[in-house]
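Let me begin by presenting the structure, written as structure tokens, before commenting on it.
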Amino acid sequence: MILVTGGAGFIGANFILDWIGTNGEPVVNLDKLTYAGNLGNLASIDGDARHVFVRGDIGDRAQVGALLARHRPRAVLNFAAETHVDRSILGPAAFVETNVVATFALLDTVRGWWAELPASEKAQFRFIHVSTDEVYGSLGTADPAFSETTPYAPNSPYAASKAASDHLVRAYCHTYGLPTLTTNCSNNYGPRQFPEKLVPLMIVNALAGKPLPVYGDGANVRDWLYVGDHCAALRAVLAHGRAGETYNVGGGAEVANIEVVRMVCRMLAEARPGPDYMAQIAFVKDRPGHDRRYAIDAAKIRRELGWSPAESFESGMRRTLQWYLDNPGWLAGVTSGEYKKWISLNYAASAA
Ligand code: NAD
Ligand code: TYD
């Protein structure tokens with residue numbers, strides 16, 4: 001079996017659904033259920049014996065140690081993190097606590113347990129650390145895309161905290177021989193993404209007749225990847241990746257934010273005609289320290305592991321939009337209480 005952390009969040013939940021659907025090997029899912037964790041993401045495998053959910057913190061050494069001893073996973077995939085750049089600007093402490101301190105405790109607990117395993121299990125074990133391209137900083141228009149050898153230059157507290165965890169993961173492989181692999185992936189979008197991030201926020205606001213807040217001039221570029229393609233990349237890295245290596249994962253789909261928002265408006269106008277969605281676009285104050293451009297050179301994972309994305313940005317966005325239209329109950333469940341507080345806090349601060 002495998003141990004997934006953060007499996008009630010956006011990518012972790014998509015990974016577990018994908019894993020149970022394609023592989024069927026049992027998964028233990030350790031998640032703290034922060035505001036971003038949602039067991040409703042896993043409703044379709046409710047009662048499936050191959051998924052064991054455990055509420056807990058990756059920083060809790062006793063709990064993680066007990067889970068490892070009981071389940072003896074052949075791999076740990078670490079998705080658990082604080083993940084939203086804007087939140088990291090308004091409250092960086094939680095990012096250091098989870099992404100640095102708690103991730104260190106997870107890594108160290110896994111190392112202690114792994115060190116006592118019989119030699120063959122030790123050699124086969126894998127620790128996959130799911131990280132981000134934001135650790136590389138920001139690109140100019142003409143710069144080459146991020147490769148695995150691009151120097152780290154994190155700009156936001158979120159990116160800095162992920163960079164710190166990447167360094168610890170690297171050191172645990174180099175120093176103790178723990179078989180770790182790190183993936184640095186570009187912006188994901190798809191079903192079950194919490195509507196604080198660009199794509200789902202635009203869908204939710206557009207449907208509600210609210211403003212579509214575009215930071216700055218809207219020309220910041222992200223390299224978008226459909227979440228299902230990220231899950232496939234992680235399966236490939238687990239199956240065939242070389243321990244100690246890092247792999248950049250990206251869709252080769254560089255799009256400016258304003259174009260992403262316009263695409264949402266165009267697709268919604270087809271699916272739910274009536275409102276003038278484009279008229280809802282509102283340029284607001286820029287995010288402090290806003291990275292201008294991210295782009296991933298995914299040549300290594302393509303070459304070594306034969307991975308490539310199945311979805312284009314257009315096809316992935318269509319699937320995503322349809323999922324949100326088909327799942328109003330999911331949306332209603334995540335857009336109450338704490339969510340409303342966040343929206344008023346962040347967008348009051350960023351009003352133009
Ligand atoms: P998310 O915010 O949707 O989910 C994070 C999950 O981690 C939640 O379920 C939360 O409850 C859980 N969690 C937080 N702190 C925890 C703790 N201390 N112990 C246990 N569980 C905890 O995040 P996501 O978008 O699914 O991202 C998952 C991972 O992928 C992160 O490590 C992130 O840095 C990385 N990543 C995300 C993107 C993206 O575009 N979303 C891109 C590249 C990499
Ligand atoms: P986001 O989804 O927060 O991901 P990240 O900051 O990790 O790339 O934001 C994606 C891009 O969209 C980023 O350039 C910031 C921008 N953005 C807006 O313009 N308006 C918004 O309301 C949000 C949430 C993001």
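We count ligands from 1, going down the list as the structure has it; atoms in each ligand are counted the same way. This one's a predicted model, so the numbers in the text were calculated from it and none came from an experiment. Quick note: residue numbers are just sequence positions, from 1.
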To which protein heavy atom is atom 40 (O) of ligand 1 closest, and what is the distance rounded to 0.1 Å? N188 N, 2.8 Å
Near S131, which atoms of ligand 1 are under 4.0 Å from a heavy atom of that residue? 43 (C), 44 (C)
Distance under 4.0 Å to a non-hydrogen atom of F79: what atoms of ligand 1 satisfy this? 28 (C), 29 (C), 31 (C), 32 (O)
With distance as the sole criterion, is a donor-acceptor pair present between the side chains of N41 and W330 under 3.5 Å? yes
When distances are taken from atom 18 (N) of ligand 1, the protein heavy atom at minimum range is D57 OD1, 3.0 Å
What part of T132 sits under 4.0 Å from ligand 2 if we count only heavy atoms: the side chain, the backbone, both or neither? neither
Which word best sums up how the rings of H167 and Y152 line up, parallel for under 30°, tilted for 30 to 60°, or perpendicular for over 60°? tilted
If the contact criterion is a heavy-atom separation under 4.0 Å, does A8 count as touching ligand 1? yes
Would you please determine whether A13 falls within less than 4.0 Å of ligand 1 on a heavy-atom basis? no
Provide, to 0.1 Å, the distance between atom 38 (C) of ligand 1 and the closest protein heavy atom, together with that atom's residue and name. I11 CD1, 3.6 Å
Check: D86 N/O within less than 3.5 Å of ligand 2 N/O: no
Does even one non-hydrogen atom of N187 get within less than 4.0 Å of ligand 1? yes
With only distance considered, is E82 within less than 3.5 Å of ligand 1 through an N or O on each side? no
Assess the pair H84 and F194: is the distance between their ring centroids shorter than 6.0 Å? no
If you round to the nearest 0.5 Å, how far is CG of N14 from OH of Y226? 7.0 Å
Which atoms from ligand 1 have a heavy atom of C185 less than 4.0 Å away? 42 (C), 43 (C)
Would L30 count as being in polar contact with ligand 1, using the rule that some N or O on each side must be under 3.5 angstrom apart? no
Could you tell me which atoms of ligand 1, counted from 1 in the order shown, lie closer than 4.0 angstrom to a heavy atom of L33? 11 (O)
Quick check on Y347 - does any of its heavy atoms sit under 4.0 Å from an atom of ligand 2? yes
Please could you name the atoms of ligand 1 that G56 approaches to less than 4.0 Å, counting only its heavy atoms? 19 (N), 20 (C)
Measure the distance from atom 8 (C) of ligand 1 to every protein heavy atom, then report the residue, atom name and distance (to 0.1 Å) of the closest one. D31 OD2, 3.6 Å
Is it the case that ligand 2 has an N or O less than 3.5 angstrom from some N or O of L198? yes
For atom 30 (O) of ligand 1, what is the nearest protein heavy atom, given as residue, atom name and distance? V130 CG1, 3.5 Å
How far is atom 15 (N) of ligand 1 from its nearest protein heavy atom, and which residue and atom is that? T98 CG2, 3.5 Å
Please determine, by modelled atom types, if Y294 and E134 share a side-chain donor-acceptor pair under 3.5 angstrom. yes
Do any heavy atoms of Y35 fall under 4.0 Å from ligand 1? no
State whether a side-chain donor-acceptor pair under 3.5 Å links S186 with D133. no
Side chain, backbone, both or neither: the part of Y158 lying under 4.0 Å from ligand 1 by heavy atom: side chain
Between the candidates N14, L234, I58, which shows the shortest non-hydrogen contact distance to atom 19 (N) of ligand 1? I58
Closest approach of any protein heavy atom to atom 25 (C) of ligand 2, naming residue and atom: Y215 CE1, 3.6 Å
Heavy-atom contacts with K162 under 4.0 Å: which atoms of ligand 1 show up? List them by number with element. 31 (C), 32 (O), 33 (C), 34 (O)
Among all the protein's non-hydrogen atoms, which is closest to atom 1 (P) of ligand 1, and how far away is it? T83 OG1, 3.7 Å
min-distance protein heavy atom vs atom 9 (O) of ligand 2 -> R287 NH2, 3.9 Å
Where is the nearest protein heavy atom to atom 42 (C) of ligand 1: which residue, which atom, and how far? S186 O, 3.3 Å
